[in-house]
*Asks:* 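This is the structure I want to talk about, given as structure tokens.
Naming convention: chains lettered A, B, ... in sequence-line order (proteins, then strands); numbering from 1 in each chain.
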There are 2 protein chains.
Amino acid sequence: MFMSTIEEIAKIAGVSASTVSRALARNKKISEHTIQRIEKIANELHYTPNLSARALTGKGTKLIGLIVPEITSNHYVQIVNRVESELYAKGYALIIGTTDFNADKGLRNLEVFIGRAVDGIIFAGDNLDEVNAAAVRDIIKTPIVFLGSAGDNTGHECVAVDDAHGISLLIRHLIELGHKSFGFIGEKLSKPVRLPPFQKALAEWGLEYNENFIKTDGTERFEEGGYLRMKELLAEGEMPTAVFATYDNIAIGAMKALHEAGLKVPEDVSIIGFDNIKESEYLIPALTTVFPPITEMADRAVDMLIEKIEKKDTDKTARKYTAAKTILYPELVIRQSTSVPRQ
Amino acid sequence: MFMSTIEEIAKIAGVSASTVSRALARNKKISEHTIQRIEKIANELHYTPNLSARALTGKGTKLIGLIVPEITSNHYVQIVNRVESELYAKGYALIIGTTDFNADKGLRNLEVFIGRAVDGIIFAGDNLDEVNAAAVRDIIKTPIVFLGSAGDNTGHECVAVDDAHGISLLIRHLIELGHKSFGFIGEKLSKPVRLPPFQKALAEWGLEYNENFIKTDGTERFEEGGYLRMKELLAEGEMPTAVFATYDNIAIGAMKALHEAGLKVPEDVSIIGFDNIKESEYLIPALTTVFPPITEMADRAVDMLIEKIEKKDTDKTARKYTAAKTILYPELVIRQSTSVPRQ
DNA sequence: AGAAGTCATGCAAACGTTTGCACTACCGTC
DNA sequence: GACGGTAGTGCAAACGTTTGCATGACTTCT
């Protein structure tokens, strides 16, 4: 039932395999009558083309590879989710791989995907340099688009969100409320993308940057990291009046630590997260957070990739990289976890 | 660089393609010396076998399809995550599809996967009947294992978690604390799997089952659904002393509603969730919840599938279905959202 | 009526791999 | 020195598609 071949259809229809192939592709050279007949048979047989065979003839696999650092955080879940549904709608299937923030694994994934003859690749990661992207671009014939933060400037085709913009929004909000001392919890990364803009924003407002208020260790374990780092901050005595957690999930842990210490959010300490995960609105207090346009990011990446694939399909000659870089901007969602500082 | 063929290697090595193929498979008929030489060349060329071609010869694609209802809830995220990493370790790649709880889409996914010649399929979903699993089993030659709740008894190869057991654990816990009236929020499903065991558990303890305390509408939107349903309960006046939310995310919304109504958890109302998402431990109060062994579920499913694939590989003759059904049991994680009822 | 054109279809090669079979050398044996 | 064995390798077919080219049957024009 499942898994019949073009040959079988041909036999039943009393025509040759080529005719079936063309009929199914609605090639104009085949008579309407034959097309109808063949389509009917194909349906009855639950015919699905063998994509491996098709791939071999250079017609593409309708397979897209998506590489993400990990898929348990809300951020990447949303991306995977959106990319999958967009791709499905366009008739592509999604194959995914994770890098665990590891450059080698990223490269291996790339090789694996290429061996599987994917039609295109979306490489997501805050840290585009994880893989030596420049090299990759030159080596790979498969269309690829990068998806990440706006930090890099390596000139690849990519869609990125400007974290720095979100962070300056958040600092401005805090400053307007009257805050003067700021903490930072999160982002223990080989190449941090949120800490530098944080420092820069502070500097722009002529604000003091207190090294002691920056906590990065162990924050790759989100809730736990946030909890532990906030406890550490608490133990050291001097406290900032506002703390920026680089992910909402870190903020959750941090708020727990504050609660246990008998401190109130936002009265004693204001907290801001990043991501706007779906739980944030329902936290107590509801979390003020930076909201990157994930859906749009995913859509753009998919569109760019598909366009690239189909363009490549037509003019196989020159594969020029019109290295387009789409930058998207996050918004600030103000809720109850921020207020004017005490006193 | 990437994407060289066996032919090219053969040319460089001065041997035939078949020799290269065998050398790369470490076939004993090829001299050790030749193997070394060919492997060296293959490495230099970054050779990756074209899996489409290999698939065509019946050697399998090393591709596994995973079908889930959706991938934004914590439960399925964890499953996808674990399945992916297990599979990666075993040299397989993962292709995923979502059904959106829709039987047709499930079937289409199945067809698509088969057309892509996946080596095996994991079909996850609380509701195994979404797809007429019995029919599927007979039709499909591709190894498949189901992953879901223990509700069904259609006799497929599957790994399931016994939700009912978790629910009886939870009811017992509540009863031991002294609760007498129980609410239920969640699960607007074509075939509910948690409500019946809930009712059954109540009956077993000779407890009254109050229809007014069961709220299911709109709970497919987790936080929001929980929030709205709890508000509804609150508005109706009479309140249970304990409420079971079928997902932790629903519990989060419910707790928010209670908070806004000025009610305290657990003093005024005890709340229990289901899933043990990573945020639960850090909620205020930390959430008591039923914890299904997701990691183990995923591992078992992968193991069963791979075993099935490789067994099928050896004895191609009989493909007998030793329809094994593995049942796993959830635990109850007791935290701060449950306590003795007031008065 | 024959040439030229159109339309529908078939043939066969190609894509990259695996594998049964055949072949060559070389070895040791009697 | 002919025979069988074995180790190493090549040939060619097969997997299911797609597609350029060839073919054959009509139609239409002159």
Side-chain angles (χ1 to χ4, degrees), chain A residues 2-39 41-42 45-63 111 114-119 141-142 313-314 316, chain B residues 2-39 42 45-63 111 114-119 141-142 313 316:
Chain A
F2 277 91
M3 197 85 268
S4 38
T5 83
I6 245 180
E7 263 334 314
E8 298 175 31
I9 298 182
K11 194 163 296 171
I12 297 180
V15 297
S16 77
S18 15
T19 301
V20 175
S21 174
R22 277 188 270 250
L24 262 18
R26 308 203 71 94
N27 184 310
K28 18 18 300 286
K29 314 227 76 182
I30 302 293
S31 70
E32 189 54 30
H33 171 250
T34 315
I35 292 188
Q36 299 286 349
R37 198 160 48 95
I38 289 180
E39 277 182 346
I41 299 178
L45 259 50
H46 275 268
Y47 171 75
T48 0
N50 180 323
L51 293 182
S52 298
R54 180 180 288 176
L56 223 41
T57 71
K59 296 295 289 182
T61 48
K62 294 288 181 181
L63 249 195
E111 288 191 20
I114 291 172
R116 295 207 148 73
V118 296
D119 287 350
K141 293 144 198 142
T142 309
D313 237 37
T314 44
K316 286 184 188 274
Chain B
F2 278 91
M3 195 89 270
S4 38
T5 83
I6 244 182
E7 246 2 294
E8 297 175 32
I9 298 181
K11 194 163 295 171
I12 297 180
V15 297
S16 77
S18 16
T19 301
V20 175
S21 175
R22 279 188 268 252
L24 261 17
R26 307 202 72 94
N27 182 311
K28 14 36 298 277
K29 314 225 73 181
I30 303 293
S31 71
E32 188 54 30
H33 171 250
T34 313
I35 292 188
Q36 300 286 349
R37 199 160 47 95
I38 289 181
E39 278 183 344
L45 257 50
H46 275 268
Y47 170 75
T48 0
N50 179 324
L51 293 183
S52 298
R54 179 180 289 174
L56 222 42
T57 70
K59 295 296 289 180
T61 48
K62 293 289 180 181
L63 249 194
E111 288 191 21
I114 291 172
R116 295 208 149 73
V118 296
D119 287 350
K141 292 144 199 144
T142 309
D313 237 37
K316 286 186 189 271

*Asks:* How far apart are the C-alpha atoms of B:Ser21 and B:Ser18, what are their side-chain angles, what is the distance that settles it, and do they pass the side-chain hydrogen bond (donor to acceptor under 3.5 Å, both in side chains) test?
*Replies:* CA-CA 5 Å; B:Ser21 175; B:Ser18 16; over 6 Å; no
*Asks:* Quick check on side-chain contact (heavy atoms from CB on, under 4.5 Å): which of B:Leu51, B:Leu56, B:Asp119 does B:Thr61 satisfy it with?
*Replies:* B:Asp119
*Asks:* Which residue in the set A:Gln36, A:Glu32, A:Arg37 passes side-chain contact (heavy atoms from CB on, under 4.5 Å) when paired with A:Thr34?
*Replies:* A:Arg37
*Asks:* Taking the axis from the first five pairs and the axis from the last five, what angle separates them in the helix from C:dA1-D:dT30 to C:dC30-D:dG1, rounded to 10 degrees?
*Replies:* 60°
*Asks:* Out of B:Ile6, B:Val20, B:Ile30, which one pairs with B:Ile38 under the side-chain contact (heavy atoms from CB on, under 4.5 Å) rule?
*Replies:* B:Val20
*Asks:* Taking protein heavy atoms under 4.0 Å as touching, what does nucleotides 16-26 of chain D look like 5' to 3' if B marks base contact, S marks sugar-phosphate-only contact and - marks none?
*Replies:* BBBBB------
*Asks:* To the nearest Å, give me how far apart CZ (B:Arg37) and C1' (D:dG8) are.
*Replies:* 12 Å
*Asks:* How would you list, by chain and number, every residue that makes a salt bridge (charged side-chain N to carboxylate O under 4.0 Å, His left out) with A:Glu7, sequence neighbours excluded?
*Replies:* none
*Asks:* Using the closest heavy atom to pick a nucleotide of DNA chain D for each, name whichever of B:Lys29 or B:Ala55 lands nearer the 5' end.
*Replies:* B:Lys29
*Asks:* Whole angstrom is fine here: how far is it from CZ in A:Arg26 over to C1' in C:dT9?
*Replies:* 18 Å
*Asks:* Determine yes or no for a side-chain-to-main-chain donor-acceptor pair under 3.5 angstrom, with B:Arg116 supplying the side chain and A:Lys62 the backbone.
*Replies:* yes
*Asks:* I need the CG-P distance between B:Asn27 and D:dG10, as an integer number of Å.
*Replies:* 13 Å
